[in-house]
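A short worksheet on the structure shown next.
Chain identifiers are assigned alphabetically (A, B, ...) following the order of the sequence lines, protein sequences preceding nucleic acid strands; residue numbering begins at 1 within each chain.
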Amino acid sequence: MTYNFNEIEAKWQKYWAENQTFKAENKSNKPKYYVLDMFPYPSGAGLHVGHPLGYIASDIYARYKRHQGFNVLHPQGYDSFGLPAEQYAIQTGQHPAVTTAENIKTYRRQLDQIGFSFDWSREVRTSDPNYYKWTQWIFIQLFESWYCKDHEKAFAIKDLVNVFEESGNANINAVCENESETFTAEEWNGFTVEEQQKILLQYRLTYLAETEVNWCPALGTVLANDEIVNGVSERGGHPVVRKKMTQWSMRISAYAERLLQGLETIDWTDSLKESQRNWIGKSVGAQVKFKVVSNEVKEADEIEVFTTRPDTIFGVSFMTLAPEHDLVQQITTPEQKEAVDAYIEATAKRSERDRMADVKTISGVFTGAYAIHPFTEKLIPIWIGDYVLAGYGTGAVMSVPCGDERDYAFAKHFNIPIPNIFEGVDISEEAFSDKAKTVIGNSDFLNGMNYKKATKRAIYELEQIGQGEGKTNYRLRDAVFSRQRYWGEPFPVYYVNGLPQMIDVAHLPIKLPEVEKYLPTETGEPPLGNASVWAWDTEKNEVVSNDLIDNETIHPLELNTMPGWAGSSFYFMRYMDPDNQNEIASKEAMDYWQDVDLYIGGSEHATGHLLYSRFWQKFLFDKGVVPKDEYAKKLINQGMILGESAFVHRVGFNFGKVVDSKNDISKEDVKNITYLRDKYTIIKDMYFSNDVTTYLRKTFNKPENDEELEHMQLRENLISHLLNPILEDISKFNLEGKVMVNTMMMNYFKTHVSVDYVNTKNELDWERLKLEDKQYKNAEFITNKDNKYVCKREVEKMSKSKYNVVNPDNIVEDYGADSLRLYEMFLGPLEQYKPWNTAGITGVHSFLKKLWKLYADDNGLKVTDATPTKDNLKTLHKTIKKVQEDIENFSFNTSVSTFMIAANELTAQKCTSKDILEPLLVLISPYAPHIAEELWSQLGNNASISTASFPEFDASHLVESSKNYPISFNGKMRFTMELPLDMSKDAIEEAVLANEKTQEQLAGRTPKKVIVVPGKIVNIVG
RNA sequence: GCUCAAGUGGCGGAAUUGGUAGACGCGCUGGAUUCAAAAUCCAGUUUCUUCGGAAGUGUGGGUUCGAUUCCCACCUUGAGUACCA
């Protein structure tokens, strides 16, 4: 009986599928546990060995929890809408649905062969209409909701309408586009329906807003900012125009505070929480109004600023507005108009990128206008400067140069006074921004106060005079939700007189229409503009041909689609009840499963998916749809597995003209020299083994031994091999004596070569490479003295373009899924980035073979009913303890070591006892389920090992009677001594001091102190 | 610049509350087995060493009987972020 892993693995994968071993029930008396992997996007390239890392970890945990008696939900599905499939469709004309289905098939095959315990009966795909029906449904719910700041909760828009009808909006404290706009009930009731709808859009949690995009008519597409250089397209140099487009946005900003607070309640990694906190960007301060004086404006005009340092208000010596600020045109004086306009034009020309990249250049211009300080009533000059961002706060700042670095630099640059309002601080060289050490001075009623006190008082005083109030700002912006793409969820929206209307949820899903082309239309409409059947019939309630649009009963449908994060923002809830036709999931299912207990995935989603999905969850919680307002209790980021790229080396020479040449150098010669230079700067078809390049790189002026002599001899041979064709060319062009070749300073080049041709000893199979890759058809490979071509290796991200992708299919075929699973875990801590090195897999593979041999040999099963020895039991229980701790700490790498130690010990003990070997299988089964199932059934068990319960740890087997004490001198261990554990402190000290080795170590000195920690250590000081 | 994470043999890494640094595996060296190779098994493998020992966890300090572990400063690498008032 040998360990035939291919056969065993196929057998058990079939068994699990046929018996639905891992199907989770929505009704159970067992406690629930929900283990979730981040949604994969099924790319055309399939899986590489880095992808399954997190899946293996979550699978181990899921299997462990089953052994612990939990009802485990461990689903999998596909985030199947997305850009790559669409790009592929544009190139090949193949429908994205077709290529996506193919890719999913590959993914599924690859996942299946690794032996995951997924409940595939719950699979979802975001591109499936039965799924995106609910994406559209949530969108409609958001549209029909507004956010009440008093209750910190979303409510139905119809409740808001009721309030408007009865008492206007005076008593409404809502998150709203235009908070200052007020109306009475009479006014509201007098508005036309259209006017009312426009107002309501300002309150809805998803809304339409005009956004500027870069449109390139020649390319027929929208371009991102980084695809435009100097106003023309990066590719082809076509003109780009700015175009306003109406886009859907999500009012995620309403949830900023709750998204921030919620982080305190969930066990996610600190770094991930930190990025979300930064992204939300809460700052607490005050909004302050400054009255403006200028010949051109009425006294009533005022500028609002946001500041986090109202305590420094007496230090204001100027104000700065963003160049785009609305008031700039109004307040600029005629004398300054020219300068201001020129500056605005100059900054407008600079792309967003330039402006961000160039932080150091200080620029700005005076508007000629002044503001009045709210307390001192002094005049404050108003400047504009592009260091102030239009989009943050109010787009204006009160500049306090003594307390803010940027204000300081600006003031210095333009010679604006820098009044000091800090006590005992020198600000002649730099601004002072240390809040903790702040003592305010020179500031009237704030004098002598610290930051906290002064801030409170300043806000109070501002409120008294009606020129300011405490205010909190968030950096988090509303999320644009429209994409000009084909392969995404269509919006359940049609337009009447340009105003969006929701399709009734009863008619969902609105299915993605067929189009001829996946590109935007010639008029710049999104790809759905190509659809001929894409209009909504409000009477028949169905999608009809565009020809029928009459804007009476038949209206055009929305042409944008939803972004990638739409479908992935609630999939974890849908898994609870994926076939439900009436709800996202039934109440019973949600009440049972509640939320995700463990979520594993990459950290690249920190501020995208993981923030948006929290937002949707909170919204759905407000609406009473889901039972929890955070959907994942614990989240672990798996680290990336890096690839070991392989490189081949080429060399080249530098040419020089001979300076003191007696020969004249003709124009023709120059041309020929240039030709030679191009040809030999990098010699194209000659590749050098990495160790051979050292002979070229290193020279010995005076070789001192045989080795160095040999080195120089080899070098000479190589150089002449390289030089021969060059010398031939030189004589062919009659350039002798006119040109010289530098053989000491050569050029070295390295190129990625596919790791498929490189073995674990870094040797390149160049013969096969020449045959299979036409790039190398005529290449010459210079090998080392063992006739091997050695490649250089470097650790990089695994990617197709670096030719370093390792496919799990080959690994599974050669070593089996259990070896792959164990090895991925064995590589190192789950969260850490680590390089993949296929060579090391032999270690875990031979462990599995060794494990097998504990149970069976050539004569069959060798497990007996022998009574376990003390040592057997000690090994088993030590292993139980360690593995259980490891799994609970997600330290899977150390469990693999523990299994190896256990197998080594039991082999040495010649253990055959079933009482030991049977529970050992349960311990290993989460990690290597196939071999565990096989041996489990060989031992006579009929049910799957996944139904077995985890072995109980019994500490009594680990009790020892003596301890091998380390004896340290001044903290350094010098020798060990075996002593009984029940020996008293004094007796230990006595025994140790009596030992002759102690006397040797002391060399006559008297110990100053002896530290005895019973059961741990003895340390002698002296 | 700021924030976060991490620095231990040739390599991946271990040391869970401060208590024998280098577990386990790869690689390497030697040996057994074999016609040979693969596979398997055994022994060794941090560095230096006068073979007694000594030094040693990025660097420099500190706390402690004792520090990879705690504190301070710095260096390096990786990730995220970017004029956020």
Side-chain angles (χ1 to χ4, degrees), chain A residues 269-275 277-279 281-283 285 305-309 312 320 355-362 385-389 391-400 403-407 409-410 433 473-476 603-604 606-607 637 639-640 644 760-761 793 795 822-823 826-829 831-847 849-850 853 882 885-886 888-889 891 893-901 904 964-976 1000-1001 1007-1013 1015-1022:
Chain A
T269 58
D270 287 338
S271 65
L272 197 145
K273 287 189 190 179
E274 195 59 31
S275 345
R277 281 191 200 105
N278 289 339
W279 198 259
K282 180 180 184 177
S283 38
V305 300
F306 174 72
T307 176
T308 54
R309 296 294 304 270
T312 64
T320 318
R355 235 170 114 171
M356 281 196 286
D358 179 19
V359 183
K360 281 185 187 138
T361 315
I362 295 159
D386 67 1
Y387 79 95
V388 178
L389 303 176
Y392 184 76
T394 61
V397 300
M398 58 174 225
S399 301
V400 183
D404 182 281
E405 240 176 88
R406 291 152 309 172
D407 294 345
F410 195 88
S433 53
N473 248 322
Y474 300 90
R475 199 172 71 104
L476 184 70
S603 56
E604 66 271 22
T607 49
N637 286 131
M640 201 184 287
E644 276 202 307
T760 55
K761 288 179 175 158
R793 294 275 198 164
V795 172
L822 281 173
Y823 189 52
F826 188 61
L827 280 177
E831 301 91 334
Q832 211 162 291
Y833 280 50
K834 51 217 171 241
W836 178 267
N837 175 12
T838 305
I841 201 169
T842 54
V844 293
H845 188 64
S846 47
F847 155 70
K849 286 196 277 192
K850 201 166 188 176
K853 281 188 193 159
K882 176 80 174 134
E885 282 169 2
D886 283 347
E888 276 159 16
N889 292 319
S891 172
N893 53 326
T894 49
S895 304
V896 182
S897 306
T898 305
F899 293 138
M900 288 174 173
I901 293 167
N904 289 343
N964 195 20
Y965 278 94
I967 313 300
S968 305
F969 292 81
N970 299 318
K972 278 266 163 207
M973 201 280 289
R974 293 308 175 201
F975 62 91
T976 58
E1000 230 171 81
Q1001 279 293 329
K1008 280 184 201 142
K1009 205 173 174 185
V1010 179
I1011 312 276
V1012 178
V1013 185
K1016 289 240 160 155
I1017 199 170
V1018 178
N1019 190 19
I1020 299 165
V1021 189

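- Residues that satisfy the side chain to side chain contact (heavy atoms under 4.5 Å, CB included) test with A:Thr894, not counting sequence neighbours, are A:Lys882, A:Asp886, A:Ser891.
- Where RNA chain B pairs in unbroken runs of 3 or more (Watson-Crick or G-U, both distances under 3.5 Å), the stems are B:1-7 with B:75-81, B:10-12 with B:24-26, B:27-32 with B:40-45, B:46-48 with B:53-55, B:58-62 with B:70-74.
- Applying the side-chain hydrogen bond (donor to acceptor under 3.5 Å, both in side chains) criterion to A:Thr320, with sequence neighbours excluded, gives A:Tyr387, A:Ser399.
- Remark: A:Lys282 engages A:Glu257 in a side-chain hydrogen bond (donor to acceptor under 3.5 Å, both in side chains) (not counting sequence neighbours).
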Its contact letters, B for base, S for sugar-phosphate only and - for none at protein heavy atoms under 4.0 Å, make nucleotides 46-70 of chain B read --------SSB--------BS----

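- Distance A:Leu822 CG to B:C24 C1': 13 Å, rounded to the nearest Å.
- By the salt bridge (Lys or Arg N to Asp or Glu O under 4.0 Å) test, A:Glu885 pairs with A:Lys881, sequence neighbours left out.
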Please tabulate, one pair per line, each protein N/O and nucleotide N/O from nucleotides 7-14 of chain B that are separated by under 3.5 Å, including the distance.
from, atom 1, to, atom 2, distance (Å)
B:G12, O2', A:Leu827, O, 2.4
B:G13, OP1, A:Gln832, NE2, 2.9
B:A14, OP1, A:Asn893, ND2, 3.0

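- Under the rule for a salt bridge (Lys or Arg N to Asp or Glu O under 4.0 Å), A:Arg793 has no partner lying at least two apart in sequence or in another chain.
- If you check every strand for non-hydrogen atoms under 4.0 Å, A:Thr976 touches a base.
- Partners of A:Phe306 by ring-ring contact (aromatic ring centres under 6.0 Å, His included), not counting sequence neighbours: none found.
- In terms of the side chain to side chain contact (heavy atoms under 4.5 Å, CB included) criterion, residue partners of A:Asn837 (sequence neighbours excluded) are, by chain and number, A:Glu644, A:Tyr823, A:Ala839.
- The side-chain hydrogen bond (donor to acceptor under 3.5 Å, both in side chains) check on A:Glu274 picks up A:Arg277, with sequence neighbours excluded.
- The distance from atom CG of A:Asp386 to atom P of B:A85 is 18 Å, rounded to the nearest whole Å.
- Listed by chain and residue number, A:Arg406 satisfy the salt bridge (Lys or Arg N to Asp or Glu O under 4.0 Å) test with A:Asp404 (two or more places apart in sequence, or in another chain).
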